[in-house]
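Heads up, the thing below is written out as structure tokens.
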Amino acid sequence: MKGKILMKVYIDFDDVLCETAKHFTKLAKELFGIDVPYREVQFFNLKKTFDLSDEQYEEMMIAGHLPENLLNYEETTGAADTINKWVDEGHEIYNSYEPSRKWLDEHNLKRVPLYCVDKYGRETSKQDYAYNMTLEQLYNMTFDFAIEDSPSAFEHVMHFDNCKVAVFNRPWNIHEELPDDRFVRCEGWKEIDRLFEEYFKQQTDN
């Protein structure tokens, strides 16, 4: 393939764009007096991490997604700058899952479309979220590059043929065996950007 090729990029939200787990460690302490330092968050499943009852877990998830809490999630260092650089270069960026159009807008990511997908089947009827894409619809999309942190989501991005996957290193995935050589560990957005540029050049040169 000769000439310039634009990449279609899938980006997860929680713990990729923003520091969700760090915020939930604070919430667990405030709500239940459960003190688990971020570096000891061994499981993506926060109910298991904090040893919560069903009722406690639901209470924490509802609290964590109240606008006044959600909009306080810190951006992961370099996320907005890197993504806006890719958009400026003409690449297509897609963000998935729950949080908020407003969070993206307030973090200078207005050009990133938000697709809402309940990837883990964990939302309850008591939570008033409107999901506008099924997993089947997600699987029918094509992406050249993806960024994920959750081991539970690896099976989803594996549906994207010929897609390079940057795995954002987090305490809950550091010991996880990666599915295949398309998955590459990255410590942060600088490494993700470097992998992206290398892969883009490789696709362009082929």
Side-chain angles (χ1 to χ4, degrees), residues 10-80 95-107 109 112 114-135 138 146-157 166-178 185-189 192:
Y10 163 100
I11 304 175
D12 182 46
F13 199 113
D14 293 326
D15 299 296
V16 171
L17 286 181
C18 62
E19 299 289 358
T20 308
K22 289 182 179 178
H23 190 83
F24 274 99
T25 60
K26 297 175 185 175
L27 269 181
K29 189 172 183 179
E30 291 172 6
L31 293 172
F32 314 117
I34 297 172
D35 188 5
V36 177
Y38 168 74
R39 65 183 177 277
E40 295 179 15
V41 177
Q42 298 180 33
F43 308 104
F44 179 76
N45 182 337
L46 295 181
K47 181 183 176 187
K48 187 175 181 181
T49 289
F50 300 123
D51 192 22
L52 302 176
S53 66
D54 290 343
E55 292 75 17
Q56 287 175 320
Y57 177 70
E58 182 170 322
E59 180 182 348
M60 186 178 71
M61 294 303 288
I62 290 173
H65 293 93
L66 292 173
E68 58 267 32
N69 285 324
L70 186 148
L71 294 174
N72 285 326
Y73 289 8
E74 295 179 9
E75 175 194 333
T76 53
T77 303
N95 176 252
S96 80
Y97 203 45
E98 60 197 340
S100 169
R101 176 76 260 162
K102 190 173 181 182
W103 190 97
L104 291 171
D105 293 347
E106 290 191 358
H107 287 81
L109 292 169
V112 176
L114 176 67
Y115 285 86
C116 297
V117 186
D118 184 7
K119 293 183 291 187
Y120 310 111
R122 67 187 183 193
E123 304 308 330
T124 70
S125 59
K126 295 181 181 179
Q127 294 172 317
D128 188 21
Y129 299 146
Y131 291 90
N132 62 12
M133 184 179 289
T134 65
L135 279 174
L138 179 68
I147 309 166
E148 259 292 355
D149 69 292
S150 166
S152 301
F154 292 169
E155 64 176 292
H156 301 314
V157 295
V167 177
F168 201 124
N169 269 355
R170 294 296 190 176
W172 50 87
N173 70 34
I174 196 66
H175 299 298
E176 190 76 18
E177 183 177 349
L178 301 183
R185 292 189 176 279
C186 297
E187 286 298 331
W189 278 96
I192 292 171

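Because the structure is a prediction, the values reported are computed rather than measured.
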Inset, instruction - Using the side-chain contact (heavy atoms from CB on, under 4.5 Å) rule, take L178 and F154 through it: C-alpha gap first, then chi angles, then the decisive distance, then the call. - result: CA-CA 8 Å; L178 301 183; F154 292 169; 3.9 Å; yes

Inset, instruction - Answer whether the closest heavy-atom distance between the side chains of R185 and E176 falls below 4.5 Å. - result: yes

Inset, instruction - For T76 and V16, indicate whether the former's side chain and the latter's backbone hold a donor-acceptor pair under 3.5 Å. - result: yes

Inset, instruction - Please say whether more than 12 non-hydrogen atoms of neighbouring residues, nucleotides or ligands are located less than 6.0 Å from CD in E74. - result: no

Legend entry - Residue pair Y10 / E148, side-chain donor-acceptor N/O under 3.5 Å: yes

Inset, instruction - Check whether any side-chain N or O of D51 sits under 3.5 Å from a backbone N or O of K47 as a donor-acceptor pair, and report yes or no. - result: no

Inset, instruction - Take the angle between the ring planes of H65 and Y73 and call it parallel below 30°, perpendicular above 60°, tilted in between. - result: perpendicular

Inset, instruction - Any chance you could lay out the side-chain contact (heavy atoms from CB on, under 4.5 Å) test for F50 and Y57, step after step, and finish with the verdict? - result: CA-CA 9 Å; F50 300 123; Y57 177 70; over 6 Å; no

Inset, instruction - Evaluate the side-chain proximity of I34 to K29: yes if any heavy-atom separation is below 4.5 Å, no if none is. - result: no

Legend entry - Flag side-chain contact, heavy atom, 4.5 Å: D149 against V167: no

Inset, instruction - For Q56 and S53, indicate whether the former's side chain and the latter's backbone hold a donor-acceptor pair under 3.5 Å. - result: yes

Inset, instruction - For the pair W189 and F168, name the ring-plane relationship: parallel under 30°, tilted 30 to 60°, perpendicular over 60°. - result: perpendicular

Legend entry - Note, Q42 side chain near W172 side chain (heavy atom, < 4.5 Å): no

Inset, instruction - Look at the side chain of D15 and the backbone N and O of T20, then say whether any donor-acceptor pair between them is shorter than 3.5 Å. - result: yes

Legend entry - Residue E177 excluded, over 12 heavy atoms near CD under 6.0 Å: no

Inset, instruction - May I ask you to decide if R170's main-chain N or O and N173's side chain share a donor-acceptor pair within less than 3.5 Å? - result: yes

Legend entry - Separation of L138 CG from H156 NE2 (nearest 0.5 Å): 8.0 Å

Inset, instruction - Report the C-alpha separation of L17 and L104 in whole Å, then their side-chain angles, then the decisive distance to 0.1 Å, and conclude whether the side-chain contact (heavy atoms from CB on, under 4.5 Å) test is met. - result: CA-CA 9 Å; L17 286 181; L104 291 171; 3.8 Å; yes

Legend entry - Exam field: side chain T49 to backbone V41, donor-acceptor pair closer than 3.5 Å: no

